[in-house]
J.: 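If you scroll down you'll find the structure; I have some questions about it.
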Amino acid sequence: MSDGPILSARDVSIAFGAVRAVDGVSLDLWPGEVLAVVGESGSGKSTLLRLLAGEARPDAGTVLYRDPSGATLDVHGMGEPARRRLARTEWGFVHQDPRDGLRLAVSAGGNVGERLMASGARHYGDIRTEAARWLERVEIPAARIDDAPRLFSGGMRQRLQIARTLVTRPRLVFMDEPTGGLDVSVQARLLDMIRALVADLGIAVILVTHDIAAARLLAHRLVVMRHGRVVEEGLTDRVLDDPRHPYTQLLVSSVLAA
Amino acid sequence: MSWTLKAEGLAKGFTLHLQGSIEIPVLRDAALEVSPGECVALSGPSGAGKSTLMRLLQGNYGADSGCILLRRPDGSVADLAGASPREVIALRRDTIGHVSQFLRVIPRVPAVEIVAEPLVARGISREEARARASALLHRLNLPERLHALPPATFSGGEQQRVNLARGFVADFPLMLLDEPTASLDAANRDVVIALIGEAKARGAALVGIFHDAEVRDRVADRVLEVAPLREAA
């Protein structure tokens, strides 16, 4: 971890009518760091993620991204074409519902290859080889490379979305409840896969989740959100084992030990 | 020689907001200094705060006041009590080794990888890290066939040996040992005593909770009494 944060948000806010969905949130993410944003439904964590990724525009506040050359870019000031270029090259976004991140009628190999092509790859053979390598990496049998993901199980679709996102080796990945809606047995496999890939590739990740165990497994640091605000943040195991804020204590004490 | 760990004025209490904001003071003005090559055993009745002190020294709990000065391998000094999360992570990578009673099992990760991880985190190649991990697991009498398995299904004693190997595989200047021999048989207990002796010989400072009096007598240079605070009204 070097130099400075890869992403910095300052006083980011957005309101939907009278509801302050995100209310004055500031955070820094460092290269190679996994930051989990936890909180219950309606806490504003998914909205925050969309603001950080530039998919929605805040009413106030700034989000700065530091690119590989060290230049600082204003995520909401760079213009849509520039942001889209970032989104398909240096960034990745893993949606809770793989249908939002995949093209269900396109083959598994095509889904992975498409993102490679969007970031500039042109040689068909190389693209297919790389796609096959990534399917293997996310434990999808090579024999399924020409099958469309609409034929896949939920867990397989989510693994395919991970492959599609990581194939371009992004520096920064936004994940919105990546294990939500999956069976528990499938969740463990996916979590372990994300953990290993993120560590191997040294990707910086902002992970939005309501799953405390997932946050403990994956995140270096934790941000606890409630009513659009950050109520507590810090080292993951310290926030979970020595929670200070009443809401964090409630959140931690509500988890059933298996 | 100068200290490796020097903690002063440590206070720690808990406010239980869900139980009517009851305040539970655990430590007040706790102090501890440990030199290289020295092993200090924490002693005191159950509930006195031994484990709380260990967790403070590991950065798992945050101190309410006081400082925890640590000397890093390069000789520089860091205050764990005031360190940022990223600094705590760096200190755990190069300065603070930790053996807890219980292994936090990661799904699907084999025992040998769990043990090798502290070495990999320091930039040692995966092959060398695995070889050193495997050698240490052998020394702790964990059969070869178990090395490639995730420890979720291991017995308590086997899991503890994975934990011990993970703690001792890298040369940390400070080692924190929370009941390192609790579920071990006599042969493995002797291995742990030998490992502690080797850590002292290379200049590590150790702090431990040892309920086994024989182990404590054999490894500890000094005993620090942790006295319970009187219950606050």
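To find a chain, count down the sequence lines: A is the first, B the second, and so on, and within it residues start at 1.
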J.: Less than 4.5 Å apart, any side-chain heavy atom of A/Ser253 and any of B/Leu18?
T.: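 SC-SC contact between A/Ser253 and B/Leu18 confirmed.
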
J.: Determine the option with the most heavy-atom pairs under 4.5 angstrom with chain B, choosing from A/Leu191, A/Asp241, A/Leu250.
T.: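 Winner by heavy-atom pair count: A/Asp241.
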
J.: Using non-hydrogen atoms and a limit below 4.5 Å, what part of residues 224-232 of chain A faces chain B?
T.: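 Those residues of residues 224-232 of chain A which would need a heavy atom under 4.5 Å from chain B do not exist here.
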
J.: Less than 3.5 Å apart, which donor and acceptor atoms pair up between the side chains of residues 165-176 of chain B and the rest of the protein, not counting sequence neighbours?
T.:
| unit_1 | atom_1 | unit_2 | atom_2 | d |
| --- | --- | --- | --- | --- |
| B/Arg166 | NH1 | B/Ile114 | O | 2.9 |
| B/Arg166 | NH1 | B/Glu117 | OE1 | 3.3 |
| B/Arg166 | NH2 | B/Glu117 | OE1 | 3.2 |
| B/Asp171 | OD1 | B/Arg202 | NE | 3.3 |

J.: Looking at A/Arg20, I want to see if its CZ is surrounded by more than 12 non-hydrogen atoms of other residues, nucleotides or ligands under 6.0 Å.
T.: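 At most 12 heavy atoms, drawn from other residues, nucleotides or ligands, come within 6.0 Å of this atom.
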
J.: Do other residues, nucleotides or ligands put more than 12 heavy atoms under 6.0 Å from A/Glu139 CD?
T.: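 Yes, the 6.0 Å shell around CD holds more than 12 heavy atoms from other groups.
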
J.: Taking side chain to side chain contact (heavy atoms under 4.5 Å, CB included) as the test, write out the residues that go with B/Pro85, two or more places apart.
T.: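 Checked B/Pro85 against side chain to side chain contact (heavy atoms under 4.5 Å, CB included); matches are A/Arg221, A/Leu235.
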
J.: Considering only heavy atoms and a distance below 4.5 Å, find which of A/Gln249, A/Arg195, A/Arg238, A/His245 pairs most often with chain B.
T.: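 Looking at each option in turn, the highest pair count goes to A/Arg238.
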
J.: Check this for me: does any side-chain nitrogen of one of B/Lys12 and A/Asp242 sit under 4.0 Å from a carboxylate oxygen of the other?
T.: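 Answer for the salt bridge query: yes.
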
J.: Does A/Asp28 reach the side chain of B/Arg86, with side-chain heavy atoms less than 4.5 Å apart?
T.: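 A/Asp28 does not reach B/Arg86 side chain to side chain.
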
J.: Could you state the interatomic distance from CG (A/Asp200) to CZ (B/Arg126), rounded to the nearest 0.5 Å?
T.: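 A/Asp200 CG to B/Arg126 CZ: 5.5 Å, rounded to 0.5 Å.
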
J.: So which bits of residues 41-53 of chain B come within less than 4.5 Å of chain A, counting non-hydrogen atoms only?
T.: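 Heavy-atom contacts from residues 41-53 of chain B to chain A are absent.
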
